[in-house]
Amino acid sequence: MINDKIKGFFYGADYNPDQWDEEVWREDIRQMKVHGVNVVTLPVFSWAKLQPSEEEFDFSWLDKIVNLLYENGIFINMATPTAAQPAWMSKKYPDITRTDIYGRKRKHGGRVNFCPNSSNYKRLSSTIAGKMAEHYKNNPAIVLWHVNNEYGAYCYCENCRQAFIQWLKNKYITLENLNKCWYTSFWGHTIYDFDEIEVPSALTEILPGALAGRDGTYFQPMAIDYNRFMSNSLLECFNGEVQEIRKYHKETSITTNIWSISHELDLFRWGEQCDVASWDSYPSNKDHPSVIAFRHDVIRGLKKGKPFLLMEQTPSQQNWQAYNAQKRPGVMRLLSYQCIAHGADGIMFFQWRQSLGACEKFHAAMVPHVGHENTRIGKELCKLGKELQYLQDKIIDSRTESKVAIIMDWANWWGVEYSSGPSVDLTYIDRIMKYYKALYDLNIPLDIVEPTSDLSKYEIVIAPLLYMVSDASIENINKFVSRGGTFITTFFSGIVDENDIVRLGGYPGAFKELLGIWVEEVDALYPDMKNGIRVEKQLEENEKTFECKLICEVVHNENAIVLGTFTEDYYKGLPAITENSYGSGKAIYVASEPEDNLIKVLIEKYCGEKNIKPIFKTDAEVEITRRVKENNEYIFILNHSNILQKVSLGKNSYTDLFNGEILENEIEIEPKDVLILSLHHCL
């Protein structure tokens, strides 16, 4: 569990008592008890009040609220306030504020407006973290430390340039090696002195928004390295604060809240440094439940399957989306349990009490502007709090057991989306979602892993659009297949090494031997164009034809079995889907983007071969997940639809964890409702 002082789920919110008079605090405590809140996060963004000047620290107001909360049985997730430095600090040390991608030096304002390579910022952020940790070193109220808030903003200043140069020296050692890995002979960019290196920005090698709103670049290796460097620079800031906290809090877990599935940060590296992974989930009402589920699974994967914490979600509407729709009745509870179903051991909200002013005043909170709990959302929140208390620690520390994994890699993401070709529509996460959703619809659990992760516990590994692969990744995947695993990958995979340099000898260079094919050409289809894939009997008994789009590759078969061929254009009749035996396993290649029905056929075929079965078969709008602890299985049934649904439980009987009722055979579940069932195995 996150902290054994809280035996069950963490349940609470960001709390900003410094925005309110002390007379409001007592009412806050009353309502927290009514809601079932057991932990709050504070004092995020309160650096200016905690440190009025460089030499002055004032924890008196924070002491009052911490003591009041603890006296009333509410624990503290103690947050360092370093995402928003005080105005005096920006004025005294102007190197702290960021320089944007256009080379413009920012003034004080906003938040996350700091340069991660400013020595003054690193010194002062570590100092406030250390002062807080020392001040609260023996305080029993603290159950978690929360560093900064939603890291991710890049900087392009001279401090960053100098730090980037040093990072490159450490990585490449020699200029000869750097020039080779960056391919600087192109366009006469050969570098003869490290000091000639500039940061990749809009003033040098970056083309902001050039690729359908995404940034383009003239030199992908340089731009990818800058992303690696910036992710690492921000992580060093995090670790600087962690080191100070650890001097006084040896055992308490430390985390930072990840902003969605951030493109800016290599989250696997961050997962290595956090004791608990935590993140902020703010889906649109238009997002399909599978999209939200995927994000939860990514976060769970950062700690190799350990439970995570949902640090922020909104009780109802956001304030920053184009259309800030309310969450419909039941949806807040449904999405909270979906998070738990995918591995969370805590549900937190932003924020406790709705702000009176500034840009978040219309962002929903547990206590809205009306000021009491007698609202639709308030009643739902109180119900959720009571249910989580009732569940106690039954589900806490349970894990998801998966035989299927999807490979995701941040450097690959950067490489794909910086690429000038073959198609501006070639986006990485969208390709992953095609395969993720097929598994989601089939209620087959999966993990999100890196290319170099230990794959030995999986039967099937899927790597959509694995464009960039290192030698270590190739060896790891080959080993997985040779030992009996099934590997599925797609078009535009295995093309380049970790420096975005093409692997020669024909595509997919990294996987030619594994897949038993080679690709001569990569054809990009316009959005209004389609092709077809006619599948063989090994895939579909009736030899059906399915649509495909986006990319079609000209594939030459060498050793593989052809499972499907293209139906149109000059590559009509050539392989579109192949299967190759390699050692004791199989490697499958999909040379286009098939319609969803064909992806589902593929997934069902290879899961069937490995005897991987759905938890329960249901309507596509009913999500089923499972968490396991010791002898206990916990089955989550989530009805995302607007109609009553029926679910067959098979031959087993289950206990409804909410009311203790024994359930068998077929059950019904109301729209937007949740069931949690337990199945006990006796040893």
Side-chain angles (χ1 to χ4, degrees), residues 1-15 31-41 69-70 72-78 141-146 252-253 255 257 274-281 292-293 296-297 299-300 303 305-315 330 332-352 366 380-400 625-630 632-638 655-660 673-678:
M1 55 186 60
I2 298 170
N3 190 302
D4 59 11
K5 291 179 182 178
I6 296 178
K7 300 298 184 184
F9 290 94
F10 275 42
Y11 186 62
D14 271 31
Y15 184 32
Q31 288 198 51
M32 285 179 189
K33 290 180 177 179
V34 171
H35 282 79
V37 165
N38 56 22
V39 61
V40 295
T41 302
L69 289 162
Y70 185 63
N72 284 275
I74 299 165
F75 292 94
I76 309 300
N77 171 26
M78 187 63 78
I142 298 174
V143 292
L144 183 67
W145 277 91
H146 171 324
T252 308
S253 292
T255 189
N257 57 326
C274 292
D275 298 312
V276 178
S278 65
W279 84 292
D280 302 343
S281 178
I292 308 168
H296 291 319
D297 285 348
I299 299 300
R300 189 183 73 244
K303 295 297 295 181
K306 291 182 181 178
F308 62 93
L309 173 63
L310 182 63
M311 189 66 78
E312 292 183 24
Q313 66 171 336
T314 178
M332 180 280 298
R333 176 176 175 267
L334 178 66
L335 294 184
S336 296
Y337 280 115
Q338 184 189 35
C339 184
I340 292 170
H342 285 267
D345 275 0
I347 299 296
M348 307 280 282
F349 293 88
F350 180 84
Q351 61 178 322
W352 168 250
M366 294 184 79
E380 286 191 34
L381 288 165
C382 291
K383 177 182 179 181
L384 177 61
K386 289 177 182 177
E387 287 176 344
L388 294 178
Q389 287 178 337
Y390 181 74
L391 291 173
Q392 298 177 323
D393 64 348
K394 292 183 179 69
I395 299 168
I396 298 299
D397 287 335
S398 58
R399 302 287 193 96
T400 298
T625 72
R626 175 171 50 215
R627 291 178 64 170
V628 178
K629 181 170 70 171
E630 298 170 347
N632 303 316
E633 286 188 17
Y634 301 101
I635 309 293
F636 293 78
I637 305 176
L638 305 116
T655 302
D656 184 331
L657 286 192
F658 289 134
N659 59 26
D673 202 4
V674 177
L675 290 173
I676 308 177
L677 312 181
S678 66

Can you measure from [atom1] ([X]) to [atom2] ([Y]) and round to the nearest 0.5 angstrom?
X: L309; Y: I2; atom1: CG; atom2: CD1; answer: 4.5 Å
X: I142; Y: K5; atom1: CD1; atom2: NZ; answer: 8.0 Å
X: M332; Y: K383; atom1: CE; atom2: NZ; answer: 9.5 Å
X: L310; Y: D280; atom1: CG; atom2: CG; answer: 7.5 Å
X: N632; Y: T655; atom1: CG; atom2: OG1; answer: 10.0 Å
X: S336; Y: L381; atom1: OG; atom2: CG; answer: 8.0 Å

Does a salt bridge link K303 with D275, judged by any charged N lying under 4.0 Å from a carboxylate O?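 Salt bridge between K303 and D275, a charged N being under 4.0 Å from a carboxylate O: no.
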Salt-bridge contact R627-D345 (side-chain N to carboxylate O under 4.0 Å):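 Salt bridge present between R627 and D345.
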Start with the C-alpha distance between D297 and T400, add both sets of side-chain angles, then the distance that settles side chain to side chain contact (heavy atoms under 4.5 Å, CB included), and finish with yes or no. CA-CA 10 Å; D297 285 348; T400 298; 6.0 Å; no
Can you see which heavy atom on [X] is nearest to which on [Y], and at what distance?
X: D397; Y: K629; value: C-CD, 4.2 Å
X: L388; Y: F9; value: CD2-CD1, 3.9 Å
X: P307; Y: V276; value: O-CG1, 4.3 Å
X: H342; Y: R300; value: O-NH1, 2.9 Å
X: E380; Y: G330; value: OE2-N, 3.1 Å
X: S281; Y: H296; value: OG-CE1, 4.2 Å

Is there side-chain contact between [X] and [Y], with heavy atoms separated by less than 4.5 Å?
X: L144; Y: T255; value: yes
X: D673; Y: Y337; value: no
X: V628; Y: R399; value: no
X: C339; Y: I347; value: yes
X: K394; Y: I676; value: no
X: M311; Y: T41; value: yes
X: Q338; Y: F636; value: no

The criterion is ring pair (Phe, Tyr, Trp, His ring centres under 6.0 Å); which residues satisfy it with H35, sequence neighbours excluded?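 With sequence neighbours excluded, H35 shows a ring pair (Phe, Tyr, Trp, His ring centres under 6.0 Å) to W352, given in chain and number order.
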Residues which pass side chain to side chain donor-acceptor pair (under 3.5 Å) with T314, listed by chain and number, not counting sequence neighbours: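 Counting only residues at least two positions away or on another chain, T314 forms no side chain to side chain donor-acceptor pair (under 3.5 Å).
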Please lay out, stage by stage, how E312 and N257 fare under the test side chain to side chain contact (heavy atoms under 4.5 Å, CB included). CA-CA 8 Å; E312 292 183 24; N257 57 326; 3.4 Å; yes
Just by modelled atom types, is the F350 backbone N or O under 3.5 Å from a matching donor or acceptor in the D14 side chain?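 No; zero donor-acceptor contacts below 3.5 Å.
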Set out, in order, the CA-CA distance, both residues' side-chain angles and the distance that settles side chain to side chain contact (heavy atoms under 4.5 Å, CB included) for L391 and F658, then state yes or no. CA-CA 7 Å; L391 291 173; F658 289 134; 4.2 Å; yes
So among V143, N3, V37, which one has a side-chain contact (heavy atoms from CB on, under 4.5 Å) with F75?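 In the set V143, N3, V37, the residue that makes a side-chain contact (heavy atoms from CB on, under 4.5 Å) with F75 is V143.
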Dump the intermediate steps for side chain to side chain contact (heavy atoms under 4.5 Å, CB included) on V40 and I76, then the final yes or no. CA-CA 5 Å; V40 295; I76 309 300; 4.2 Å; yes
